[in-house]
Amino acid sequence: MADNWQNNSTQAASESATQAKPIDQGLRTYMSKVYNYMSVGLLLTAAAAYVGAASGIYAQLAQTPLIYVLMFAPLGMVLWLSTRVHKMSASRAKTMFFVYAALMGLSLSYVLLMFTGVSVVRTFLVTAASFGALSLYGYTTKRDLSGMGSFLFMGLVGIIIASVVNIFMQSSVMHLTISVLGVLIFAGLTAYDTQDIKRIYYAGDTRDVAEKKAVMGALRLYLDFVNMFLFLLQFMGNRD
């Protein structure tokens, strides 16, 4: 009887492991797409920023009211994409994400005009290393990070409001405080978003739904990376 119980337990464990393999493989494929799409988005952003700065397009637009359109267009597009993605096909969602990344790059051309190339590259490498470590933590940790979500969101709203206020106050102390908090908040969001992106994976999703989830996951991590980079640049960047 003991042998039967042991055999049944072994069989059950074997069946459980067999069922887990497709899920694990599907999750790895899904997360690989998320990181691949994010990486392509960052490459497009870097290329667009270089073209905008080197060609003089950004400098020319800066002399006209169109610069405000360029500044706020990425914000409008990311809000539109976030609210409309469920009605798009997966291929269109992916295309819109890449268009957004290129538009964001053009709006960030000022970074290459304001800071030295060496300091921009150095800050990018530090951001990449930090992002990689934090995202890996979010992916592998057994700790539930969901409780951080509301806290980080409130912090994000706070630094946005403080940034707007400081446009008028021009306080160097507030600017430093905002930069420090910005780095910490987006560091936390990187780990939180990675775990949440992993959590919403479902093996039973259709291919179209899984692709759109991967695109939106890439968008979330892309924004974490870009914002962490910009806040770190306030400390590490050397101005021309």
Side-chain angles (χ1 to χ4, degrees), residues 37-85 87-88 91-124 127-128 131 156-171 174-175 178-179 181-183 185-186 189 193 215-216 218-240:
Y37 292 160
M38 185 201 78
S39 298
V40 173
L42 290 174
L43 287 174
L44 287 171
T45 298
Y50 177 79
V51 170
S55 66
I57 293 176
Y58 186 89
Q60 292 174 9
L61 289 176
Q63 307 301 317
T64 71
L66 290 176
I67 192 62
Y68 296 104
V69 176
L70 182 61
M71 289 170 56
F72 292 106
L75 176 60
M77 187 170 182
V78 75
L79 293 174
W80 175 80
L81 181 59
S82 299
T83 56
R84 301 289 296 180
V85 66
K87 296 184 178 181
M88 301 179 187
S91 59
R92 188 185 180 197
K94 184 164 59 175
T95 300
M96 289 298 99
F97 168 60
F98 292 149
V99 170
Y100 164 74
L103 184 61
M104 174 67 89
L106 193 58
S107 72
L108 293 178
S109 297
Y110 75 89
V111 169
L112 300 178
L113 298 173
M114 185 177 296
F115 298 94
T116 64
V118 172
S119 66
V120 170
V121 172
R122 181 175 62 240
T123 304
F124 178 87
T127 304
F131 176 90
L156 179 59
V157 172
I159 62 172
I160 291 174
I161 294 173
S163 297
V164 173
V165 171
N166 202 42
I167 291 175
F168 304 98
M169 293 182 59
Q170 294 294 310
S171 168
M174 183 177 287
H175 177 76
I178 291 170
S179 298
L181 291 176
V183 171
I185 287 170
F186 282 102
L189 280 171
D193 284 340
V215 170
M216 291 310 297
L219 176 61
R220 290 171 67 176
L221 293 182
Y222 168 91
L223 290 171
D224 292 339
F225 187 102
V226 169
N227 281 287
M228 193 189 305
F229 167 77
L230 293 174
F231 280 116
L232 280 173
L233 197 60
Q234 302 304 312
F235 302 104
M236 302 179 64
N238 296 323
R239 297 176 182 270
D240 277 331

To the nearest 0.5 Å, tell me how far [X] [atom1] sits from [Y] [atom2].
| X | Y | atom1 | atom2 | value |
| --- | --- | --- | --- | --- |
| L61 | Y110 | CG | OH | 15.5 Å |
| Q60 | I67 | CD | CD1 | 11.0 Å |
| M114 | S109 | CE | OG | 11.5 Å |
| L156 | I185 | CG | CD1 | 6.5 Å |
| M216 | Y222 | CE | OH | 13.5 Å |
| L75 | L103 | CG | CG | 11.0 Å |

Donor-acceptor contact below 3.5 Å, side chain [X] vs main chain [Y]:
| X | Y | result |
| --- | --- | --- |
| N227 | L223 | yes |
| S119 | M236 | no |
| D193 | L221 | no |
| S82 | L79 | no |

| task | Verify side chain to side chain contact (heavy atoms under 4.5 Å, CB included) between L106 and Y58, making sure each step is shown before the conclusion. | result | CA-CA 7 Å; L106 193 58; Y58 186 89; 5.7 Å; no

I'd like to know whether N238 forms a side chain to side chain contact (heavy atoms under 4.5 Å, CB included) with R122, so could you lay out the CA-CA distance, the side-chain angles of the two residues, the decisive distance to 0.1 Å, and finally the verdict. CA-CA 10 Å; N238 296 323; R122 181 175 62 240; 3.4 Å; yes

How close do [X] and [Y] get, heavy atom to heavy atom, and via which atoms?
| X | Y | answer |
| --- | --- | --- |
| F124 | F229 | N-CE1, 3.6 Å |
| D224 | L189 | OD2-O, 3.4 Å |
| A48 | A102 | CB-O, 3.2 Å |
| M88 | L81 | CE-CD1, 3.8 Å |
| L230 | V111 | CD2-CG2, 4.0 Å |
| F98 | V40 | CE2-CG1, 3.6 Å |

For this session: Would you check, one step at a time, whether the test side chain to side chain contact (heavy atoms under 4.5 Å, CB included) holds for I159 with F231?
Result: CA-CA 11 Å; I159 62 172; F231 280 116; 3.9 Å; yes

Margin query: Check this for me: F235, atom CZ, are more than 12 non-hydrogen atoms of other residues, nucleotides or ligands nearer than 6.0 Å?
Written below: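 Check passes, neighbour count above 12.
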
Point to revise | Side chain proximity check, V226 to L42, heavy atoms < 4.5 angstrom | key: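 Touching, per the 4.5 Å side-chain cut-off.
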
Next on the checklist: Could you check whether any side-chain heavy atom of M96 comes within less than 4.5 Å of a side-chain heavy atom of M77, counting everything from C-beta outward?
Outcome noted: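 Yes. Closest side-chain heavy atoms under 4.5 Å.
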
Hey, mind stepping through L70 and L66 against side chain to side chain contact (heavy atoms under 4.5 Å, CB included) and telling me if it holds? CA-CA 6 Å; L70 182 61; L66 290 176; over 6 Å; no

